[in-house]
Amino acid sequence: MSTPPRARLRPTFRPATLRPVLLFLALLGLADRALGAGLELASARALDGEKSGGLLRAALADRRARWVVFGSSRVRRHVDPVPLEAALGERVRNAGCDGHGVLYARLLAALMRAEGSRARSYVLDLNPPDLVDDRAGRLGLFAPFVGRDPRVDAALEARDPFARLKLLSHVYRYNSAGLPSLARALRGGPPSRGFAPLAPRAGLRPTPPSPVTPPAVPRADDAAARGLAHYAAFVDDARVAGVEVRFLVGPRRGGWPAPEARALATLLELARARRVSVIDLRALPVPNGHWVDDVHLDARGAETYSRALARALSGAEPHDALRDPLASTAPPRRQRPAGDERP
């Protein structure tokens, strides 16, 4: 006599088993929002420092600035707003940040406009390394501002295929800036103007040669193409908002090495194509003792540079807008007196 087969056991759904899981997720979400709110309050009081995002927040808070100078350490360490304001008669913001280039400038400018900036003129320092590395992986400072501008959201999500999911966490948005923000908030102090000159050095520190080697015809997936696209978008975004754009080229001790000069030539071609005025201060005479290294000036050199930039922006002194980037940095020839007809 055969025994009947055993009936198959079917799993039964019990809603009560999900309650602890749902409760845990709800508590986790509340804790994330509470901690994120605390970090937001601390960050709002940190208006200085790069790692804390204080420089970025100070720039956003400076809505009255009519002129904004963007760039890397060559702007942050060289451009003093005081002589520029004296020459222009309007408030000037130094929005430079060490180690960041055009992508940082583009996103910061977009956020400034979203926050109600009254700026009418942008000055963007041309940075040849932007054509090698667009530095998209160093945009964590913008994570707390997700959702405020589509350009910022797109740049953050392009870093990581899971970035959109990660950015749902309010604590994750302060992953790199949380502790520095708390330290800055406890320290206090007035908002930064952005300018931070370098102290003089007894001996000149050489700068290693740059690896900038942009291809002659960059492919669509090359950093050179992405860098040029960021410069073009910076100009287009500003013009749509009614903001005038100027490019800036500063001096470099010993002149620009050939690879960087070729990258700079590409950027100047973009300036011609987009009809962007270029302030060329490469021939600015700076004593050797006023350099910290081949790229950066000390406080005395920064004063000389800022005064020259102020004269160029105010129109008090003409500047050779689109000089040959491969030419030497010798001063321009003197103009002949009127009536001098010598060959």
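Each residue takes its place number in the sequence, starting with 1.
The side chain to side chain donor-acceptor pair (under 3.5 Å) check on Asp80 picks up nothing, with sequence neighbours excluded. Residues passing the ring-ring contact (aromatic ring centres under 6.0 Å, His included) test with Phe234 are Phe70, Tyr122, sequence neighbours excluded. Residues forming a side chain to side chain contact (heavy atoms under 4.5 Å, CB included) with Asp149 (at least two apart in sequence, or on another chain): Ala110, Leu111, Arg151, Val152. Legend: residues meeting side chain to side chain contact (heavy atoms under 4.5 Å, CB included) with Ala232, ordered by chain and number and at least two apart, are Leu270, Arg274. With sequence neighbours excluded, the residues that form a side chain to side chain contact (heavy atoms under 4.5 Å, CB included) with Ala87 are Ala310, Ser314. By the salt bridge (charged side-chain N to carboxylate O under 4.0 Å, His left out) test, Arg64 pairs with no residue at all, sequence neighbours left out. With sequence neighbours excluded, the residues that form a side chain to side chain contact (heavy atoms under 4.5 Å, CB included) with Glu85 are Pro81, Arg91, Val92, Arg193. Remark: Arg74 pairs with Asp125, Asn127 by the side chain to side chain donor-acceptor pair (under 3.5 Å) rule, at least two apart or across chains. Under the salt bridge (charged side-chain N to carboxylate O under 4.0 Å, His left out) criterion, Glu115 pairs with Arg63, Arg148, not counting sequence neighbours. Residues that satisfy the side chain to side chain donor-acceptor pair (under 3.5 Å) test with Tyr231, not counting sequence neighbours, are Asp130. Applying the side chain to side chain donor-acceptor pair (under 3.5 Å) rule to Arg66 yields no partners; only residues at least two apart in sequence or on another chain are considered.
The OH atom of Tyr305 sits 5.5 Å away from atom CG of Leu281, with the distance rounded to the nearest 0.5 Å. Within the model, atoms SG of Cys97 and CG of Leu141 stand 6.5 Å from one another, a figure rounded to the nearest 0.5 Å. In this structure, the separation between CG on Leu267 and CG on Leu131 is 4.5 Å, given to the nearest 0.5 Å.
When all heavy atoms of Arg93 and Ala58 are compared, the closest pair comes out as NH2-CB, 3.5 Å.
In this structure, the side chain of Asp153 engages the main chain of Gly147 through a donor-acceptor pair within 3.5 Å. In this structure, the side chain of Arg300 engages the main chain of Gly289 through a donor-acceptor pair within 3.5 Å. Side-chain atoms of Arg77 come within 3.5 Å of backbone atoms of Ala196 as a donor-acceptor pair (strictly under, hydrogens ignored).
Side-chain contact between Val292 and Asp298 is present, with heavy atoms from C-beta onward closer than 4.5 Å. The shortest distance between side-chain heavy atoms of Leu60 and Phe145 falls below 4.5 Å. Within the 4.5 Å cutoff, the side chain of Glu90 has no heavy atoms near those of the Ser121 side chain.
For CZ of Arg164, the number of neighbouring non-hydrogen atoms (other residues, nucleotides, ligands) closer than 6.0 Å is 12 at most.
A salt bridge between Arg272 and Glu269 is present, with a side-chain N of the basic residue lying under 4.0 Å from a carboxylate O of the acidic one.
Side-chain contact, His296 with Ser73: a donor N or O sits under 3.5 Å from an acceptor N or O.
Partner Asn94 forms a side-chain contact (heavy atoms from CB on, under 4.5 Å) with one of Asp62, Val69, Val79, Val68 and no other, that one being Val79.
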Would you tabulate the side-chain donor-acceptor contacts of residues 240-249 under 3.5 Å, counting partners in other chains and residues two or more places apart, or write 'none'?
residue: Glu244; atom: OE2; partner: Arg246; partner atom: NH2; Å: 3.4

